[in-house]
Structures are given as C-alpha cells and as structure tokens.
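Predicted model, so just to flag it, every value in this text is computed and none were measured. Every chain is numbered from 1 and lettered A, B, ... according to where its sequence line falls, protein lines coming before strand lines.
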Number of protein chains: 2
Amino acid sequence: MSKDKKISTSECGNRSTCPLTNTLDLIGDKWTLLVIRDMLFIGKKQFGDFLDSPEGISTNILTERLKRLEKNGVIEKRPYQKNPVRYEYFLTNTGNALKPVLMEIAGWGSVHIEGTKGPTKKELEAMRKQYTQ
Amino acid sequence: MSKDKKISTSECGNRSTCPLTNTLDLIGDKWTLLVIRDMLFIGKKQFGDFLDSPEGISTNILTERLKRLEKNGVIEKRPYQKNPVRYEYFLTNTGNALKPVLMEIAGWGSVHIEGTKGPTKKELEAMRKQYTQ
DNA sequence: CGGCATCCGCCTCGATACTG
DNA sequence: CAGTATCGAGGCGGATGCCG
C-alpha cells in the first residue's frame, strides 16, 4: 500500500472542495433543514411561522440560520410591511433546486429507517393551505 | 457508556418522525458522511483506510461512527483475519442505496456553492485503485 | 409580534495515552 | 495496525430579556 504521494486532490472533504461536505456544512444541521423543508413543502414564509414548528426552534437560532441561508444565496427576504418593517423569506432558484435533494434524502429515510414516516400528501396539503395564500 | 444519541427530538409536522431529520441525524454529520463517501466512491474498507483520510478523523470518533452505522444497518463488518481479529467494513444494501442521495447532494453543491469542486473521474478512479483489489 | 444579544450548560470533538 | 478510554476545550443551542 504505497502510502507515498497520493492524489493531489485528496483534500476532498475539507471545507473548500468537497461538494458533499460543503453542502452539508450549509444545510446539514437540524434547524436549517427544518426551515428549508417548511419553505419548500409547506410554504412557510414568516419568522413566526418557523417558530411555530412543533420542533421548537429558538429565536436566536432561527435568526442565525436565516442569515446564513441568505448570505449563501439560498433564500432572500422581502419586506411585506413597514413601520415596523417585517420580512418574508422565500427560496431563490438555488434554494428551490434543493427540492430533489431533500426528496432523495427523505425517500431513503422512509424506506430504510424504521419508524420513519413523513406526513401523507393529504396532511401536507392541509399544512400548506395554512401558509399559502 | 453508550451515551445516547440526539435522535430524540426530531418530530416532523405531526408526531410521525420526519424522514429528513431522521436521515440527517444518522448520516448528516461531517464524519459519518466522509466514511460513507469513502466506502461508496473510493472503496475503503479498513479502519486504517478511514484514518488515513486527509481530514484527520480521530480514532474514537471513527469507532463510534462505525458502530452507529452498523447498529442502524447501513454497514456491516466481516473479519478478514484472526489473531488478532480484524474487521472489514462494507455497505449493506441499505447503505448502497445512499449513493443516489449523496450524488444528489454533491450535485447541488457543485452547481450552487462557489469554489466547490469534487475530484475528477480520473482522480476518483486512481483513488479507488488503492483500496479495491 | 419580529428580531437581536447575552449568558451558560451540555454535548461533541480532538488529542493523547494505552491495550492487544 | 485496530480499537478503547479519558479528559479538556470549544461550540451549539435553550432560556431569557430587550428593543422597535
């Protein structure tokens, strides 16, 4: 097992090159993913919508995640009222491109992790109705 | 010891468990993913192979991740020598089913995260040769 | 209510030493 | 080389309070 010079790009995995670790550094933690999931599949938009999720994200975490996602071009915000200014958050094209990614992940989990079960389409639809106009 | 994992609080929507968060609770952290990536795309099998990764996983972390993956049916181990017993680790069908998942994630990262670049096919092939017989 | 800042406990990881 | 044990440091996240 020649342990001498390996391939120069063996650095896949450090933060700058490997697409896998890069992606998961960005969206791979629990809270970020919940936010994106709720935007993508349920249609949530406002700060309070995310806070209301049964998982109970706290405000500072939510704030920080929204900022990170915005900074990385996954979401954008747009004011929907002034005085005081309030923002709606929505996915950019980049963010929407995550849909097949999430579905692939969820699909694997549904099949291979026991006890895992997403909401039915009917439940999804009902949830979505609460947030989309 | 067996200090339980944080798999506890991932409730999705209703009381049913969310396949997204479940999956990422299992494989979503940095080190677990690197192990799976190396098995899946490079063909690494042995403890030392993973240790040699340029990211520098430490032995206790590696041990813990391998155990968790085995416990969850993603990998299995098989002794390849006795006295002392040494194990090879390999993906189960469940584990192999992660391939499209990882590729989807990596695909998104390649396109949407700047500066992200995986190894070329040629480099991948070269890496693989070191570990597969 | 929407959003931010601070404090602090706990968990995770990394380093290291040790066994077979 | 394969794997275990221990311990300290740092970061994440929960609680809370403040401000517009």
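Arg68(A) places its CZ atom 13 Å from the C1' atom of dG13(D), with the value rounded to the nearest Å. Atom P of nucleotide dC1(D) and atom CD of Gln81(B) are separated by 12 Å, given to the nearest angstrom. Nucleotide dC1(C) holds its P atom 17 Å from the CD atom of Glu88(A), rounded to whole Å. To the nearest angstrom, P of dG3(C) lies 13 Å from CG of Asp52(A). Taking atom CG of residue Leu51(A) and atom P of nucleotide dA15(D), one finds them 13 Å apart after rounding to whole Å. Between Leu34(B) atom CG and dG14(C) atom P the separation is 10 Å, expressed in whole Å. At whole-Å resolution of the value, CG in Asn83(A) and C1' in dG2(C) are 14 Å apart. In this structure, Lys44(A) atom NZ and dG2(C) atom P are separated by 12 Å, rounded to whole Å.
At a threshold of 4.0 angstrom between heavy atoms, the contacts of Lys77(A) with the nucleic acid are absent. Residue Phe50(B) is out of contact with every strand shown, counting any heavy-atom pair closer than 4.0 Å.
The pair Asp49(A)-Lys44(A) fails the salt-bridge criterion, with no side-chain N (NZ, NE, NH1 or NH2) lying under 4.0 Å from an Asp/Glu carboxylate O. Ion pairing of Lys67(A) with Glu70(A) is absent here, as no side-chain N (NZ or NE/NH1/NH2) approaches a carboxylate O to less than 4.0 Å.
Side-chain nitrogen and oxygen atoms of Gln46(B) include none within less than 4.0 Å of the OP1 or OP2 phosphate oxygen of dC1(D). Distances shown here put every side-chain N or O of Trp31(A) at or beyond 4.0 Å from the OP1 or OP2 atom of dC12(D). Considering only side-chain N and O atoms, Tyr80(B) lies nowhere under 4.0 angstrom from the phosphate OP1 or OP2 of dC1(D). Put simply, Lys30(A) has no side-chain N or O that comes within less than 4.0 Å of OP1 or OP2 on dG13(D). Using a 4.0 Å cut-off, some side-chain N or O of Tyr89(A) falls inside it from OP1 or OP2 of dG3(C).
If you check the side chains of Thr63(A) and Asn60(A), you find no donor sitting under 3.5 Å from an acceptor.
Residues Tyr131(B) and Lys45(B) are not in side-chain contact: their nearest non-hydrogen atoms beyond the backbone lie 4.5 Å or more apart. Looking only at side-chain heavy atoms (C-beta outward), Thr32(B) and Arg68(B) come within less than 4.5 Å of each other. Side-chain contact between Phe90(A) and Ile75(A) is absent, with no heavy atoms from C-beta onward closer than 4.5 Å.
Residue pairs meeting the side-chain hydrogen bond (donor to acceptor under 3.5 Å, both in side chains) criterion with at least one member in residues 78-87 of chain A, sequence neighbours excluded, are Gln46(A)-Tyr80(A), Arg78(A)-Glu88(A).
Map Asp29(A) and Arg86(A) each onto its nearest nucleotide of DNA chain D; the residue landing nearer the 5' end is Asp29(A).
Within residues 57-66 of chain A, the residues that place at least one heavy atom under 4.0 Å from DNA chain D are, in residue-number order, Ser58(A), Thr59(A), Asn60(A), Ile61(A), Arg65(A).
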